[in-house]
Amino acid sequence: MLTTPFCDKIPKWSCVRRINVLKERYDFKEIEGKWQKYWEAENLYTVPDFSQRPKYYCLEMFPYPSGKLHMGHVRNYSIGDVVARFKTMKGYNVLHPMGWDAFGLPAENAAIKHGNMHPAEWTIDNIDTMREQLKQLGISYDWNREIATCHPGYYKWTQWLFLQLYKHGLAYKKKAAVNWCPSCATVLANEQVKEGSCERCKTIVEKRELEQWFFRITNYADRLLDDIKLLEGWPEKVKIMQENWIGRSEGAEIHFPIEGLEESFTVFTTRPDTVYGVTYMVLAPEHPLVEKIIDDKPQAAEIREFVNNVRNLSEIARTATDAEKIGLFTGGYCINPMNGEKVPILVANYVLLEYGTGAVMGVPAHDQRDFEFARKYNLPIRIVIQPDGPDLDPDTMAEAYSGDGKMVNSGPFNGTPKEEGIKAVINYLEEKKLGRGVVNFRLRDWLISRQRYWGAPIPMIYCPQCGVVPVPEQDLPVLLPGNVEFKPTGRSPLADSPDFVNTTCPECGKPARRETDTMDTFMCSSFYYYRYTSPRDENAVWDREKVNGWLPVDQYIGGVEHAILHLLYSRFFTKFLYDVGLIKNIEPFTNLLTQGMVLKDGAKMSKSKGNVVSPEEIVATYGADTARLFILFAAPPERDLEWSDQGVEGCYRFLHRVWRLVAPMSEELLKAPSGFDGKPAGVNREMRRLTHATIKKVTEDTGNRFNFNTAVSAIMELVNGLYQYKELPETDRDPAVMREAVEHLLILLAPFAPHITEELWAGIGHRDSIHRQPWPEYDPEAIIEDEITIVVQLNGKVRERVLVPADITPDKMKELVLAQPRVQNMIEGKQVVKVIPVPGKLVNIVVK
RNA sequence: GCGGGCGUGGCGGAAUGGCAGACGCGCUGGACUUAGGAUCCAGUGGGGUAACUCCCGUGGAGGUUCAAGUCCUCUCGCCCGCACCA
């Protein structure tokens, strides 16, 4: 399935040796198909692993093969293709691969829906369709490196990497309350739950106590956070999102002994300086000590009911902002270790077991949430931080005070300022072994088990004798069984497949059972960009020399929806792979471009809104070059793009315009000299100036700023200029100037519209691909102007324009401008306060 | 609530603090044409004028500056992300 169909009937490049005869009319249908075949037959986009040229790794996020390409894909891959083609022409050895994120639920759901269609069949059909579409778009992928994560040759290494993580203690199994999507019939990672709902199907997620596999991404929390500063080529927005997601906070853990029990519980607080202000204590309803505390209390029944209610609530109901904060007294007390005070213990719905320690100290005077809670339940409020100014009064204060101040009512710490107090209390806690300073992260371990079939099986075996045993590496891959049934039972087909489940223990050889969960597909996509460097290697996950030669990815391009999920997981994997010596880079993606969405009528294209424009139809009607050009021209890449059928027409017209400019003069251009005798002057000089100014602008906009829209507009201006130039009497024109302009026009346009430019390039006598031409350098001499028009401002308002020599000095500029009769008129009777010359631009005269 | 982004013609969008509106779409007029939804030419922010580089104009209000769409302060509106995080 991964071999690219090879057409042996295609004529070789050598057949183009004859001069291509250009038709009168631009016929994209003929041109695009023709060149796509040539490119493929000539392996034009095959890239060697090692080269004298400097490397450049240009990567676009690989798609899930959902059926057909949508406009978002077209945008993503058009952007990537411009970058790849540009860098190639700039002299880089460019790795530009494509593959398929091919495991996942839709395939399995389709299998259930369509009876006996195997997910593999569905997936492969889709891959074939989408690969064909990508080829029709003329994207310059090296298809020899194509991968699909559902291929055993790939998921063998997914499993192998799982084993490496396991070996290093980073994969573990634990029982936990996890997110369960009833519709997808599987658990989800925290990152895959948005506002309490399943990210994929929007079903409200439930909590279930299950034993599941996790990756210890939290071990890397500090490095993932610290190294964000290395990501200079990433959008600020994405970095901030990751920072927030990791959610580092410094504080302290404090142990509070429970009265009448030999146990204590621990709270996490960022404000240990307020510990003398504790007037109550709150445990999460699921906190393991709740049962022990209430056991002998009269409140026990009531609390149990409350705990059950909260436990059964969906995440969304529980965490809604407007959810009422409900707390109940347990009847139990704990002791504040700082001052020996007896403090009532409550349970409340707003305390989350998963964050910190699942227990919170209530300091109503200095925490707004505690304050509101205390007011509601008439709990005492005690001031322990006093700012400069009038004394805070617990009875009259309207909100908590969380600012700076000095500690009061705090025994030996009285008078210590807040920040110092935090440190002092932590020191004291550590000295007396009552607690310690800690850093807490919001990030939680990555839950990777999925109770579904269409994923990479987790390579573990459960032996009654030996316990949990990893599958030996030489036994990989653990293959998905072929003959299973897909029924809407909500159970994984793997669990119902005896052939798969029953195995023998690799250690003792006795009967044992396989793990039947598969891995989160984000695992598959966390390392695919490494695998592209050794896509067919059967003996190693990749070749060290190749992977270290290519990585890191120089430019990564994709949707911002992966700001956390895929990009954080990939960073985690990268750090792990670095630690175990499999790679040498510590971050995977040097530069990241997050492209905006494609909108229609102001909304994201979606079937339900009925505003979908199909790439298929656009390509069929206008051709790939038009589709690409429009999508690149309509907006800068990071911004959302509003689809416009009329805009597409405009780009189509433009390509026709290019055709009509070049095709009729191909004979003339063939005869034109390719160099200059002497310096072009007059109109010819102007034409050359435009040509070289365009080279400059397109090079900057494409290479440095990724503003493809302005690059395209510059090319359009060049075309407009060429049309004017063409209209001049033949005796005034210089064929060499024309030739230079047209050739450069085609080269500059080539990364955007690769087919038409290739055809015209061949049509004006070239025998090699335009996509193998070096990117032109502009001639600084050519863009120098002799005379420029500068603006004369009077108090900042434009009043006059003056033609001056381009190399005029500022002083001379002043002089010349002031000498203008019109300027003389304007300033007559007024006092000239100041004259500000801006070289090359303007002179501003300030008068009173 | 916190964080980020964005407000410019009829529309998509251009403008290292230096001529606001490049380029494209749309629209208006004209040419060519049996025809035009092809192509070419001209015009196209608003207002005023016989005319003119006359006035106004980048969501709103201030400020900095010789000069502000651009920098600063406040404010309004929209979009996105996170959200009882202790």
Side-chain angles (χ1 to χ4, degrees), chain A residues 25 194-196 235-245 247-249 251 267-271 274 282 284 318-325 348-352 354-363 367-370 372-373 440-443 560-561 563-564 596-597 599 602 629-630 633-636 638-651 653-654 656-657 660 697 701 707 709-720 723 727 789-801 822 826 833-847:
Chain A
R25 217 183 126 72
K194 300 267 141 131
E195 290 171 2
E236 214 51 38
K237 178 194 167 92
V238 174
K239 291 195 274 188
I240 289 166
M241 283 169 73
Q242 292 216 350
E243 229 172 271
N244 293 342
W245 189 262
R248 182 182 201 271
S249 58
V267 300
F268 172 74
T269 178
T270 53
R271 292 293 305 274
T274 64
V282 199
R318 185 162 169 195
T319 60
T321 319
D322 50 358
E324 199 190 351
K325 289 180 184 51
N349 58 351
Y350 73 86
V351 178
L352 308 171
E354 303 86 43
Y355 186 76
T357 57
V360 181
M361 60 185 213
V363 186
D367 179 283
Q368 187 57 21
R369 194 186 40 199
D370 293 349
E372 285 163 22
F373 191 75
N440 195 45
F441 291 95
R442 213 187 69 108
L443 181 72
V560 74
E561 65 272 17
I564 309 271
M597 290 185 295
L599 310 178
L629 194 68
F630 168 72
F633 175 61
E638 327 75 47
R639 224 190 283 186
D640 286 350
L641 181 153
E642 176 69 27
W643 186 265
S644 156
D645 290 331
Q646 286 169 331
V648 177
E649 295 267 1
C651 289
R653 275 206 292 271
F654 169 72
H656 275 280
R657 202 167 142 76
R660 286 195 316 271
K697 170 105 178 120
D701 287 357
N707 279 7
N709 55 330
T710 52
V712 173
S713 80
I715 296 171
M716 287 172 168
E717 285 178 88
L718 176 59
V719 171
N720 292 343
Y723 263 93
E727 288 309 305
T789 305
I790 60 159
V791 160
V792 182
Q793 292 184 337
L794 196 70
N795 289 342
K797 286 183 182 169
V798 182
R799 281 297 123 101
E800 177 70 305
R801 273 155 231 271
R822 277 189 54 92
M826 287 188 293
V833 181
K834 218 193 246 184
V835 180
I836 297 140
V838 182
K841 295 252 162 70
L842 52 77
V843 175
N844 191 11
I845 304 165
V846 186
V847 295

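A, B, ... follow the sequence lines: proteins, then strands. Residue 1 opens every chain. We use all heavy atoms of the structure for the numbers below, so side chains are in, but hydrogens, waters and symmetry mates are not. Everything numeric here is computed off the predicted structure, so don't read it as measured data.
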* Strand contacts (RNA chain B) in residues 639-649 of chain A, 4.0 angstrom heavy-atom criterion -> A:R639, A:D640, A:Q646

* Structure fact -> Glycosidic torsion of B:G26 (syn if within 90° of 0, anti otherwise) classifies it as anti

* Structure fact -> Heavy-atom nearest nucleotide on RNA chain B taken for A:S713 and for A:A359; more 5' hit belongs to A:S713

* First of A:V846 and A:N244 reached from the 5' end of RNA chain B, by closest nucleotide -> A:N244

* To do: To the nearest 0.5 Å, tell me how far A:R799 CZ sits from A:M826 CE.
  => 7.5 Å

Tell me the interatomic distance from [X], atom [atom1], to [N], atom [atom2], rounded to whole angstroms.
| X | N | atom1 | atom2 | answer |
| --- | --- | --- | --- | --- |
| A:F373 | B:C84 | CZ | P | 16 Å |
| A:N795 | B:A68 | CG | P | 11 Å |
| A:K841 | B:U16 | NZ | C1' | 7 Å |

Describe the nucleic acid contact of [X] in one word from base, sugar-phosphate, nothing, applying a heavy-atom distance below 4.0 Å.
| X | value |
| --- | --- |
| A:V838 | base |
| A:V791 | base |
| A:D370 | nothing |
| A:I240 | sugar-phosphate |
| A:G247 | nothing |
| A:Q793 | base |

* List the atom of A:T274, the atom of A:M361, and the distance in Å for their closest heavy-atom pair. => OG1-CE, 3.8 Å

* Structure fact -> Heavy-atom nearest pair, A:F268 first then A:G356, reads CB-CA, 4.3 Å

Name the closest nucleotide to the [X] side chain, picking from [options].
| X | options | answer |
| --- | --- | --- |
| A:N349 | B:A86, B:C56, B:C84 | B:C84 |
| A:R801 | B:C19, B:A86, B:C66 | B:C19 |
| A:F633 | B:C23, B:C80, B:C55 | B:C23 |
| A:R369 | B:C85, B:G18, B:C54 | B:C85 |
| A:N844 | B:A67, B:G13, B:C19 | B:A67 |
| A:P636 | B:G13, B:C23, B:C80 | B:G13 |
| A:L842 | B:G4, B:G18, B:C23 | B:G18 |
| A:K237 | B:C66, B:C80, B:G3 | B:C80 |

* Report the C-alpha distance between A:R442 and A:N244 in whole Å, list the side-chain angles of each, state the deciding distance to 0.1 Å, and finish with yes or no for side-chain hydrogen bond (donor to acceptor under 3.5 Å, both in side chains). => CA-CA 8 Å; A:R442 213 187 69 108; A:N244 293 342; over 6 Å; no

* Looking only at atom C1', what distance separates B:A61 and B:C66, rounded to whole Å? -> 24 Å

* Pairwise P distance for B:C41 and B:G5, with rounding to whole Å -> 43 Å

* Is the cationic atom of A:R369 (NZ for Lys, CZ for Arg) positioned less than 6.0 Å from the six-membered ring centroid of A:Y350 and within 45 degrees of its normal? -> no

* B:C56 OP1/OP2 closer than 4.0 Å to side-chain N/O of A:K797 -> yes

* Asked: So, is A:N709 near the phosphate of B:A14, with a side-chain N or O under 4.0 Å from OP1 or OP2?
  -> yes

* Asked: Using Watson-Crick and G-U wobble pairs with both distances under 3.5 Å, what is the 5'-to-3' dot-bracket string of RNA chain B, with [ ] for crossing pairs and | for pairs outside the strand?
  -> (((((((..(((.....[....)))((((((.......))))))(((......)))..(((((..]....))))))))))))....

Side chain proximity check, [X] to [Y], heavy atoms < 4.5 angstrom:
| X | Y | result |
| --- | --- | --- |
| A:V792 | A:I845 | yes |
| A:R248 | A:E243 | no |
| A:R657 | A:R653 | no |
| A:V267 | A:V360 | no |

* Structure fact -> Quick tally for nucleotides 29-50 of chain B: nucleotides whose base has a protein heavy atom under 4.0 Å get B, sugar-phosphate-only ones S, the rest -, giving ----------SS----------

* Asked: Is a donor-acceptor pair below 3.5 Å formed from side chain A:K325 to base B:C84, judging by atom type as modelled?
  -> yes

